[in-house]
Protein chains: 2
Amino acid sequence: MADAAGVSRGTVSRVLNGKANVSLSAETAVRRAVAETGYVVNRAARSLVTSRTGSIVMVLSEPQERLFEDPNFSVLMRVATNQLADRDMSLVLMIAGDDGGRDRVARYLRGGHADGALLISTHAGDPLLDEIERAGLPAVAQGAVLGRESVIPYAAADERGGARAMAEYLVDQGRRKIGMITGPLDTPGGSLRLEGFTSVLGRKAGKQMIVHGDYTQAGGESAMRKLLQNVPDLDAVFVASDLMAAGALQALHAAGRRVPEDVAVGGFDDSAIASATRPALTTVRQPLAKVAEETVRLLIALLEDEEVEPVVLPTELIIRDSA
Amino acid sequence: MADAAGVSRGTVSRVLNGKANVSLSAETAVRRAVAETGYVVNRAARSLVTSRTGSIVMVLSEPQERLFEDPNFSVLMRVATNQLADRDMSLVLMIAGDDGGRDRVARYLRGGHADGALLISTHAGDPLLDEIERAGLPAVAQGAVLGRESVIPYAAADERGGARAMAEYLVDQGRRKIGMITGPLDTPGGSLRLEGFTSVLGRKAGKQMIVHGDYTQAGGESAMRKLLQNVPDLDAVFVASDLMAAGALQALHAAGRRVPEDVAVGGFDDSAIASATRPALTTVRQPLAKVAEETVRLLIALLEDEEVEPVVLPTELIIRDSA
DNA sequence: GTGAAAGCGCTAACAT
DNA sequence: ATGTTAGCGCTTTCAC
């Protein structure tokens with residue numbers, strides 16, 4: 001390569017890395033040679049000397065079943081690959097759904113195989129978090145990591161605000177007995193949406209009005225059954241995800257309740273399923289693509305040693321037929 | 001590391017790579033030292049000398065909108081990361097949705113940055129295919145790549161058979177005017193499901209009975225409208241994906257047709273949405289996880305220079321309420 | 001069975 | 001502004 005351009009290896013390297021102190025003629029010669037020979041740098045060799053890998057890991061901390069269904073995640077993936085590709089970095093995917101997976105990810109990170117980590121739906125108390133902190137690896141999360149909000153920067157939708165908007169809407173519609181089906185409380189979507197809900201309902205959000213789900217459709221269905229059992233005269237329910245809401249609709253249908261006449265149902269996410277259910281779901285739209293973009297932007301900033309602050313983006317109430 | 005174990009670097013390498021000619025005592029010493037020092041091999045250095053990268057690329061050739069909604073894809077991803085992680089390989093994700101993306105992937109492959117490629121929903125005639133062939137890179141596809149069935153091994157569901165089963169079922173139910181909404185014809189799901197359908201309906205599958213969709217819900221909805229316009233007395237429709245079928249249900253509802261009384265609707269995939277629609281979809285279940293497993297198994301076999309044959313797995317008719 | 005040593009392709013420090 | 005050179009950490013001959 002250096003021969004083909006008639007310059008030294010050092011100069012080739014300088015051109016390829018955009019370093020200063022290269023004459024125009026040398027640069028032209030190198031670029032021409034690169035084009036002619038189809039030369040591509042060997043990343044392994046570069047990585048060996050720079051000790052940067054040019055790749056970042058996307059860590060999915062999710063029990064298997066959710067991965068099948070989560071819409072957020074594919075958006076983030078798309079945005080992340082695109083945005084990283086622009087900087088010639090690549091995205092490595094790892095799943096830390098169980099101990100074995102977490103171990104693998106930890107080994108991988110410890111091995112210095114990645115320059116940074118993108119944390120997806122990491123639960124509070126995940127041992128991986130200590131590992132990352134100890135390794136001093138730049139990391140950002142999509143959605144706040146509960147309890148680590150100040151150490152791990154994140155971008156997220158305004159979970160609390162979105163939930164509050166939905167709760168207020170249901171109240172404004174004249175609903176009096178409003179229940180909630182939450183997500184797992186160790187996820188921000190689980191606890192923050194609940195917080196938003198109770199901040200509006202106050203003491204009316206009694207213990208028997210709240211049932212915890214697991215973000216699956218089947219989970220939403222059984223949670224709804226339980227809620228109906230707890231509170232037979234329920235007239236509205238706020239479900240923390242559209243998928244669970246779809247399950248809740250089925251349970252309500254099976255119980256002979258009309259939606260929205262007898263029971264109003266509010267979802268969260270505005271995922272594809274929201275407009276497919278019957279009745280179509282009134283829900284809270286999350287600006288997923290924007291959240292994903294911001295998440296990646298934060299990581300890139302971190303890699304360049306810039307200061308970063310968490311980003312919280314506004315949600316939007318989408319009114320359809322279920323409430 | 002070599003010092004810590006009291007042996008030479010060469011011996012350490014032999015132990016770590018499971019090579020022969022290592023005494024038990026040396027092996028024990030090395031393993032102990034590894035455990036004590038927390039040593040992890042430097043992949044870049046290894047890669048530099050072996051010229052294997054230890055990673056494989058998953059190439060998603062999909063216009064952006066589908067990625068949001070495709071269920072197959074996350075299953076494959078999960079299976080692939082797990083299965084590759086078992087062999088200490090990592091999965092790099094690339095999206096080749098447009099020319100820019102394709103270029104990036106091509107550059108990446110040409111640069112020898114991956115040991116193999118996992119092709120997802122690659123369309124017939126994708127220029128990337130030539131690139132891969134030229135580079136001699138081991139590659140397998142999920143779903144047949146139309147026109148390259150014999151050069152690119154693949155694992156897939158029996159698209160044709162599944163479609164045939166659905167068509168036969170609709171006929172057996174006494175339906176006479178059966179339409180179809182297909183996927184894009186340059187995808188195996190598009191053309192093979194159509195083939196299965198016409199193989200049963202024969203000349204009854206006239207041109208105006210077939211409308212092409214794009215696998216999106218909105219596309220299914222508009223395709224259904226068009227179909228109703230073409231054939232007002234339609235009494236059944238086979239839709240090539242559940243998501244499009246959800247759209248079709250909405251169009252039918254809007255047109256005042258009852259499902260299944262007036263029009264029977266059959267879907268394909270048995271994805272999460274199939275049981276969420278009302279009425280719940282009668283559909284064709286694809287063994288996604290199995291397909292994903294087989295796809296990865298094929299690639300691994302290929303990496304080890306074994307002979308591989310395409311794998312086609314049986315589908316199953318799932319009868320619910322829509323037909 | 002094991003050590004010594006060459007070298008993978010690159011970057012960065014040092015000369016010039 | 002550019003060439004020269006010393007490694008980066010590993011695997012792999014080649015001796016022994």
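Computed over heavy atoms, backbone and side chain alike; hydrogens, waters and symmetry mates excluded. First the proteins, then the strands, lettered A, B, ... as listed; each starts at 1. None of the values given here were measured: they were computed from a predicted structure.
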Can you list everything that forms a side chain to side chain donor-acceptor pair (under 3.5 Å) with B:Ser25? Sequence neighbours excluded, please.
B:Ser23

Side chain to side chain donor-acceptor pair (under 3.5 Å) against A:Asp305, all qualifying residues, sequence neighbours excluded
none

What's the CZ-C1' distance between B:Arg43 and C:dC8, to the nearest Å?
18 Å

Where do B:Glu133 and B:Val151 land on the side chain to side chain contact (heavy atoms under 4.5 Å, CB included) test, with the steps shown first?
CA-CA 9 Å; B:Glu133 232 172 295; B:Val151 296; 4.2 Å; yes

Salt bridge or not for [X] and [Y], using N-O below 4.0 Å?
{"X": "B:Asp88", "Y": "A:Arg104", "answer": "no"}
{"X": "A:Glu304", "Y": "A:Arg87", "answer": "yes"}
{"X": "B:Arg32", "Y": "B:Glu27", "answer": "no"}

Nucleotide of D:dT2, C:dG9, D:dG9 approaching A:Asn42 most closely (side-chain heavy atoms)
C:dG9

Compare the minimum distances between each of D:dG3, D:dA1, C:dG1 and the side chain of A:Asn21, then state the nucleotide with the smallest one.
D:dA1

Going 5' to 3' through nucleotides 11-16 of chain D and flagging B where a protein heavy-atom sits under 4.0 Å of the base, S where only the sugar-phosphate is that close, and - otherwise, we get BBB---

Which part of the nucleic acid does B:Ala26 contact within heavy-atom distance under 4.0 Å: base, sugar-phosphate only, or nothing?
sugar-phosphate

On DNA chain C, nearest-nucleotide positions of B:Leu48 versus B:Ser23: which is more 5'?
B:Ser23

